[in-house]
Amino acid sequence: MDPLSPRLVDKPVESVNKEGIPGGAFPLDPLRHHLGIFAKEPISGQVKTRLSPPLTAAEAARFYEVCLQETVERLRQTGVALTLFYAGSEDYFRRTFPDIPLQPQEGNDLGERLDGALRFLFRQGAAGAALVGSDSPDIPLAPVKEAFQLLEEVTALTIPARDGGYVLVGERGHHPGLFRDIPWSTAQVLSETRCRVAELSLNYRELA
């Protein structure tokens, strides 16, 4: 069987907190809590290129498409307002996710795109806003919900990744300095982000 067959894309399994409540008990409000998902159009040869080989370019693109679909379907369950920040054809995203607001990514590097996306979410009235990519389709819902709960108290937070970056970044009020002069796509992203936090004297938290 084709290992990338859509028949093998399982429905996401919701996490359960220690009280046995799926995804955590904190009620999220789409008027206050906004989550942006960064996504690319899954074009062969332009996504997941580090997986080729062993995958072909077409297989890598299909793998990315599955990750994106899983990410979106999982994060729909959070109860927050979702926005897809896309790179590529708007038509593809409108066909694939017709019920989710779209906004093009804008900026010359990842830092500028993250900055622009968070500015946009706060202009929509967000009290707390966070961004994720589409590389973590199995991200548990509990820490995502916990992130928004913490944003009632802290001004910035991340969920660190093992590669030296982060899976999620969130803010209560926008602080563009968090995204300036960061060596993106390196193992120093999180450590440099911590330096920016110290320079800006932010009330910052990291989730497990």
Asks: Taking the side chain as C-beta and beyond, is there a heavy-atom pair between Leu202 and His175 under 4.5 Å?
Replies: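 Contact flag for Leu202/His175 side chains = yes.
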Asks: Is there a donor in the side chain of Tyr64 and an acceptor in the side chain of Gln69, or the other way round, less than 3.5 Å apart?
Replies: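 No, Gln69 and Tyr64 have no side-chain donor paired with an acceptor closer than 3.5 Å.
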Asks: Between Arg196 and Glu192, is there a salt bridge with N-O shorter than 4.0 Å?
Replies: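 A salt bridge is present here (some side-chain N lies under 4.0 Å from a carboxylate O).
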Asks: Can you sort out the partners of Arg180 under salt bridge (charged side-chain N to carboxylate O under 4.0 Å, His left out), two or more places apart, ordered by chain and number?
Replies: none
Asks: Does the side chain of Glu171 come within less than 4.5 Å of Phe122's, by heavy atoms?
Replies: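 Answer yes - side chains close enough.
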Asks: Which value, rounded to the nearest 0.5 Å, describes the distance between Ile139 atom CD1 and Arg74 atom CZ?
Replies: 8.5 Å
Asks: For Ser44 and Ala58, which heavy atoms make the closest approach, and how far apart are they?
Replies: OG-N, 3.4 Å
Asks: Before giving the answer on side chain to side chain contact (heavy atoms under 4.5 Å, CB included), spell out for Glu73 and Arg76 the whole-Å C-alpha distance, their side-chain angles and the decisive distance to 0.1 Å.
Replies: CA-CA 5 Å; Glu73 290 309 310; Arg76 285 182 194 274; 3.0 Å; yes
Asks: Heavy atoms, side chains only, cut-off 4.5 Å: are Tyr92 and Ile43 in contact?
Replies: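 The answer is no, as the side chains (C-beta and beyond) never meet within the 4.5 Å cut-off.
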Asks: Is it possible for you to say whether Ile159 and Leu28 belong to one hydrophobic cluster, with membership spreading through side-chain heavy-atom contacts below 4.5 Å?
Replies: yes
Asks: Does any part of the side chain of Phe179, heavy atoms only, come nearer than 4.5 Å to the side chain of Val169, both counted from C-beta?
Replies: yes
Asks: How far apart are the closest heavy atoms of Val72 and Ile100, and which atoms are they?
Replies: CG1-CD1, 3.4 Å
Asks: How far does CG of Asp181 sit from CD of Glu199, to the nearest 0.5 angstrom?
Replies: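 Going from the CG atom of Asp181 to the CD atom of Glu199 covers 9.0 Å.
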Asks: List for me each residue that meets ring pair (Phe, Tyr, Trp, His ring centres under 6.0 Å) alongside Phe120, sequence neighbours excluded, and say none if there are none.
Replies: Phe85
Asks: Working to the nearest 0.5 angstrom, can you tell me the gap between Ile37 CD1 and Leu131 CG?
Replies: 10.0 Å
Asks: Please answer whether the main-chain N or O of Pro183 pairs with a side-chain N or O of Thr186 as donor and acceptor at a distance below 3.5 Å.
Replies: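 Yes: the side chain of Thr186 pairs with the backbone of Pro183.
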Asks: Using the test side chain to side chain donor-acceptor pair (under 3.5 Å), find all partners of Asp91 that sit at least two apart in sequence or belong to another chain.
Replies: none
Asks: What do the steps show when you test Val47 against Phe63 for side chain to side chain contact (heavy atoms under 4.5 Å, CB included), and what is the final call?
Replies: CA-CA 9 Å; Val47 292; Phe63 178 75; over 6 Å; no
Asks: Membership question, hydrophobic clusters at under 4.5 Å side-chain separation (ILVMFWY): are Val132 and Val144 in the same one?
Replies: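 Looking at the clustering, Val132 is in the same group as Val144.
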Asks: Could you tell me which residues satisfy side chain to side chain donor-acceptor pair (under 3.5 Å) with Glu90, sequence neighbours excluded, listed by chain and number?
Replies: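 Tyr86, Arg94.
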Asks: Who passes side chain to side chain contact (heavy atoms under 4.5 Å, CB included) against Asp163, sequence neighbours left out?
Replies: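 Only Ala161 meet the side chain to side chain contact (heavy atoms under 4.5 Å, CB included) criterion with Asp163.
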Asks: Run the side chain to side chain contact (heavy atoms under 4.5 Å, CB included) check on Thr78 and Phe148 step by step: do they pass?
Replies: CA-CA 10 Å; Thr78 58; Phe148 283 101; 6.0 Å; no
Asks: Once you round to the nearest 0.5 Å, how far does CZ of Arg123 lie from CZ of Arg119?
Replies: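 Atom-to-atom, Arg123:CZ and Arg119:CZ are 8.0 Å apart.
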Asks: Do you know which two heavy atoms are closest between Ser134 and Leu68, and how far apart they sit?
Replies: CB-CD1, 3.9 Å
Asks: Return the minimal non-hydrogen interatomic distance between Leu35 and Val80, and the atom names on each side.
Replies: CB-CG2, 3.6 Å
Asks: Salt-bridge test for Arg32 and Glu152: reply yes if a basic N is under 4.0 Å from a carboxylate O, no otherwise.
Replies: yes
Asks: Taking all atoms of both residues into account, what is the closest heavy-atom pair of His34 and Ala126, and its distance?
Replies: CD2-CB, 3.4 Å
Asks: Are Val167 and Leu114 connected in the hydrophobic side-chain network, where two residues link if heavy atoms are under 4.5 Å apart?
Replies: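 No.
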Asks: Can you name the closest pair of heavy atoms from Ala117 and Phe38 and give their distance?
Replies: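 Taking every non-hydrogen atom into account, CB-CE1, 3.6 Å.
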Asks: For Leu207 and Tyr166, what are the C-alpha separation, side-chain angles and deciding distance, and is it a side chain to side chain contact (heavy atoms under 4.5 Å, CB included)?
Replies: CA-CA 10 Å; Leu207 283 75; Tyr166 46 71; over 6 Å; no
Asks: Distance-only, no hydrogens or angles: does the Arg172 side chain make a donor-acceptor pair with backbone N or O of Leu151 under 3.5 Å?
Replies: yes
Asks: Could you tell me whether Glu59 and Arg62 have a side-chain N and a carboxylate O separated by less than 4.0 Å?
Replies: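 No.
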Asks: Atom OG1 of Thr193 and atom CD of Gln188: how far apart are they, to the nearest 0.5 Å?
Replies: 11.0 Å
Asks: Just wondering, are more than 12 heavy atoms of other shown residues or ligands nearer than 6.0 Å to NZ in Lys40?
Replies: no
Asks: Would you please name every residue forming a side chain to side chain donor-acceptor pair (under 3.5 Å) with Ser136, sequence neighbours left out?
Replies: none
Asks: With the side chain counted from C-beta on, respond yes when Leu200 and Val197 share a heavy-atom pair under 4.5 Å apart, and no when they do not.
Replies: no
Asks: Please determine, by modelled atom types, if Thr158 and Tyr204 share a side-chain donor-acceptor pair under 3.5 angstrom.
Replies: yes
Asks: Measuring from atom CD1 of Ile182 to atom CG of Asp109, what distance do you get when rounded to the nearest 0.5 angstrom?
Replies: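 CG of Asp109 is found 10.0 Å from CD1 of Ile182.
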